[in-house]
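Just so you know, residue 1 is the first one in the sequence shown, and it goes up from there.
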Amino acid sequence: MKKKSDFSKLRFLTSKKDKISLLVFFGMTILSSVIETVGVGIIMPFITFASNPSLLLDNKYGSMIYHFFGFSNTQTFMFAFSGTLIVFYFFRLLYNTFYSYSINLFAFRKYHNLAFRLFQKVLYSNYLDFTNKNSDTLRREIISDALSASHYIRNFLFLYSEMFTILFLYSILLFVSWKMTLVLTCILSFKVFLITQTISKILKKRGDQRVAIERGFLSILSNTFGNFKIIKIKDAQNSLEDEFMEKGGARARLEIGNQTLTEMPRNLLETFGFVILITCVAYILYRYEDASAVLPIMSMYALALYKVLPSVNKILGYYNSMKIYSKSLEIVYDELKDVPQEEGDEKVIFHKEIILQNICFSYIQGKPIIQNLNLSIKKGEKVAFVGPSGAGKSTLVDIITGFYQPNSGEIFIDGIQLTQENIKSWRRKIGYIPQSIYLFDGDVAENIAFGSEYDEERIIQACKIAKIYDFLEEHEGIHTKVGDGGIKLSGGQRQRIGIARAIYDNPEILVLDEATSALDNETEAKIMEEIYELSKDKTLLVIAHRLSTVERCDRRIVIGEKGNE
């Protein structure tokens, strides 16, 4: 498969509105280039007329302007000329500031847009795709790669702006002396070619290395923050310090090298620029013996080179930065080119039963977890799924709840097939209590209402049903802080908050996925008693290892080694 060019990736990542903005920027770029060209070109006649005012009336255009405005003498004309130039350069300053602001505004709004689209894709990905993704990779893509891709776009826009400026200046230099300009062009082009074929290629490789190092660096942080107790128990601080120093040192060395290589073209071009300028001056002195004739042309070339060399350097800088960021552009493109299957919200009514017909599922082709499974679950029934680890209990319940799509077979809710068109409506009927309750660093109320409309009365009611409200009243009520990951609470308290979250929206189906396996027997017995009590009028699906956990269920579905009932 032919690899897409960076330009093709940019086209894909820009919307119709973006393309209209880019057309506007194209017009602004041309105007900016004209302003820059006039800013350089106008100096030559100004110096000429200032050094020899008599030449003003001999010049076709100068004489025309002089008589059109009715100036009385050349001194008055030069004063007006000077004032006009001052106003022009202030206008140039304001326009260039506005132009730069507009490009930065576009680029960093694009960063926000790309980050949002990446985050949106995570939200709408199916659960199987999500579980196959590394969380550090997802964080890096949304935070770092989206920003780097926007830097690529910004550098791309500024690069073409500088190219237009050089094109206009080049036209003036050709008009002044085409022979010397061609010599100048050949020398600079050769130098630029050498830089793009050496330094730019090196920076492209180092950009790929940057992404890999960032991935490892984020992994260290995640492993440290997620296993803090284990680190303390094993006294693993030293090994983690060494790993951080190694990865952090490699990251720092890479940035040092990148910045040094990025600066190198400027130094090389300035050196060659001065050499070229001196050579040009020597040529002009050789070509023109009259010093008064030499001065304007020397000034013109000095100013043109003064502007051209920084522009060429900027172009190389933008180009090299694009090479560094091209890997991130590729990552963002690869992530966004595949659109998740859209999920619909057609209404699903559950009054009678759930029927599974000939369900087959496998994570890896040729290695089925569930094969030709048929099952029916009545409304209000309490069903336990038991069996050895790896037999497919959680997978089966994830299929029933719509997290996974079966490879083949159908699921019917009161005779209506469960599809992508009605999956959202079905999932809203489900309350889910996992084994590990994740609580973010906020208060209890925020964690319970997470993803739903915030209603304090419903939150308090849910806490009372989950038997956690009395504990909260001893602290700050439902506004009690839980700490990152719920670190300030015990396992049983976190589990009760998980139950409160699951019942907050009054679901018709409650799912317990090994929800009490990490608790001691006494705590588990209390919580299960509470769950059975609050699920009297609900359908209950319980995944468990302990038989004591499921002893009050109406039915047990035994999942064997190959997923058979």
Side-chain angles (χ1 to χ4, degrees), residues 123-128 130 340-357 359 361 373-385 393-406 409-435 437-438 447-455 457-459 461-463 465-466 497-515 528 530-544 550 553-555 557:
L123 290 177
Y124 289 96
S125 294
N126 65 62
Y127 187 66
L128 183 59
F130 176 76
Q341 188 177 358
E342 191 173 350
E343 296 178 341
D345 200 19
E346 291 180 9
K347 193 171 183 181
V348 172
I349 297 173
F350 178 39
H351 288 321
K352 297 178 181 178
E353 64 179 345
I354 306 165
I355 296 177
L356 283 70
Q357 289 184 355
I359 297 295
F361 182 85
L373 186 139
N374 294 280
L375 178 66
S376 66
I377 299 170
K378 301 292 183 184
K379 171 83 171 184
E381 195 173 11
K382 312 296 185 279
V383 180
F385 297 87
K393 303 184 299 297
S394 294
T395 301
L396 175 57
V397 173
D398 283 341
I399 290 171
I400 295 170
T401 52
F403 287 123
Y404 291 151
Q405 284 184 299
E410 292 84 31
I411 302 173
F412 295 93
I413 315 298
D414 287 5
I416 302 298
Q417 186 175 354
L418 186 63
T419 65
Q420 288 296 104
E421 283 68 40
N422 55 26
I423 191 69
K424 284 186 177 181
S425 174
W426 172 241
R427 288 201 196 112
R428 280 201 297 272
K429 299 180 183 299
I430 297 165
Y432 180 69
I433 309 170
Q435 178 180 358
I437 304 293
Y438 178 78
N447 274 277
I448 290 174
F450 177 69
S452 299
E453 183 182 349
Y454 187 94
D455 184 325
E457 288 187 10
R458 281 169 55 201
I459 292 168
Q461 185 62 27
C463 288
I465 293 172
I497 291 173
I499 293 169
R501 177 194 286 168
I503 64 174
Y504 176 69
D505 291 313
N506 192 28
E508 296 179 42
I509 303 166
L510 266 182
V511 175
L512 276 72
D513 189 353
E514 302 282 6
M528 285 307 301
E530 292 155 9
I531 289 172
Y532 284 121
E533 191 65 30
L534 65 89
S535 64
K536 280 182 179 178
D537 60 340
K538 302 181 187 298
T539 304
L540 184 63
L541 308 180
V542 184
I543 303 166
V550 298
C553 286
D554 303 319
R555 187 159 52 118
I557 308 296

Nearest-0.5 Å distance, CD1 of residue Ile499 to CD1 of residue Ile448:
11.0 Å

Heavy-atom closest contact (Ile349 atom, Ile413 atom, distance):
O-CG2, 3.7 Å

Provide the closest heavy-atom pair for Thr539 versus Gly380 in the form atom of the first, atom of the second, distance.
OG1-N, 2.8 Å

With no hydrogens and no angle check, is any side-chain donor or acceptor of Arg501 less than 3.5 Å from a backbone partner on Asn447?
yes

Nearest atoms (heavy-atom pairs only) where Gly498 meets Ile437:
CA-CD1, 3.8 Å

Side chains of Tyr432 and Pro507 in contact at under 4.5 Å (non-hydrogen atoms):
no

Are more than 12 heavy atoms, taken from residues, nucleotides or ligands other than Ile416, located less than 6.0 Å from that residue's CD1 atom?
no

Looking at side-chain heavy atoms only, is the closest gap between Ile543 and Leu512 below 4.5 Å?
no

Step-by-step side chain to side chain contact (heavy atoms under 4.5 Å, CB included) determination, Leu510 to Val542:
CA-CA 8 Å; Leu510 266 182; Val542 184; over 6 Å; no

Please tell me whether Lys429 and Asn506 have a donor and an acceptor in their side chains that are separated by less than 3.5 angstrom.
no

So, do Ser376 and Ile354 sit near enough that their side-chain heavy atoms are less than 4.5 Å apart?
no

Take Glu508 and Lys379 through the test salt bridge (charged side-chain N to carboxylate O under 4.0 Å, His left out) and record every step on the way to the result.
CA-CA 9 Å; Glu508 296 179 42; Lys379 171 83 171 184; 2.7 Å; yes

Report yes if the side chains of Leu373 and Leu375 come closer than 4.5 Å at any heavy-atom pair, otherwise no.
yes

If every non-hydrogen atom of Phe361 is compared with every non-hydrogen atom of Pro406, which pair is closest and at what distance?
CD1-CA, 4.1 Å

Just how far is it from atom CD1 of Ile503 to atom SG of Cys463, taken to the nearest 0.5 Å?
8.5 Å

We want to know whether Asp345 and Ser425 form a side-chain donor-acceptor pair, criterion being a heavy-atom distance below 3.5 angstrom.
no

Contacts of Phe350 that satisfy ring pair (Phe, Tyr, Trp, His ring centres under 6.0 Å) - sequence neighbours left out:
Trp426

Side-chain ion pair, Asp505 and Arg458, N-O less than 4.0 Å
yes

CD1-CG distance between Ile423 and Asn126, expressed to the nearest 0.5 angstrom
10.5 Å

Using modelled atom types only, decide if a donor and an acceptor are shared between the side chain of Lys382 and the backbone of Lys538 within a distance under 3.5 Å.
yes

Let me confirm one number: the CD1-CD distance from Ile411 to Gln405, rounded to the nearest 0.5 Å.
9.0 Å

Exercise: do Thr419 and Gln417 side chains pair donor with acceptor under 3.5 Å:
no

Neighbour count >12 (heavy atoms, 6.0 Å) for atom CZ, Phe450
no

Check this for me: does any side-chain nitrogen of one of Arg427 and Glu343 sit under 4.0 Å from a carboxylate oxygen of the other?
yes

Non-hydrogen atoms of Asp455 and Tyr504 that approach each other most closely:
N-OH, 2.9 Å

Verify, without hydrogens or angle tests, whether Asp554 (side chain) and Val383 (backbone) share a donor-acceptor contact under 3.5 angstrom.
no

Stepwise side chain to side chain contact (heavy atoms under 4.5 Å, CB included) test for Asn374 and Leu356
CA-CA 5 Å; Asn374 294 280; Leu356 283 70; over 6 Å; no

Identify whether the distance between the nearest side-chain nitrogen and carboxylate oxygen of Arg555 and Glu381 falls below 4.0 Å.
yes

Mind checking what makes side chain to side chain donor-acceptor pair (under 3.5 Å) contact with Glu353, not counting sequence neighbours?
Lys378

Does atom CZ of Phe412 have more than 12 heavy-atom neighbours from other groups under 6.0 Å away?
yes

Main chain of Tyr404, side chain of Asp398: is a donor-acceptor contact present, judged purely on distance under 3.5 Å?
no

Would Phe385 and Ser394 satisfy side chain to side chain contact (heavy atoms under 4.5 Å, CB included), going step by step from the backbone distance to the final call?
CA-CA 8 Å; Phe385 297 87; Ser394 294; over 6 Å; no

Taken to the nearest 0.5 Å, the spacing of Leu541 CG from Ile433 CD1 works out to 11.0 Å

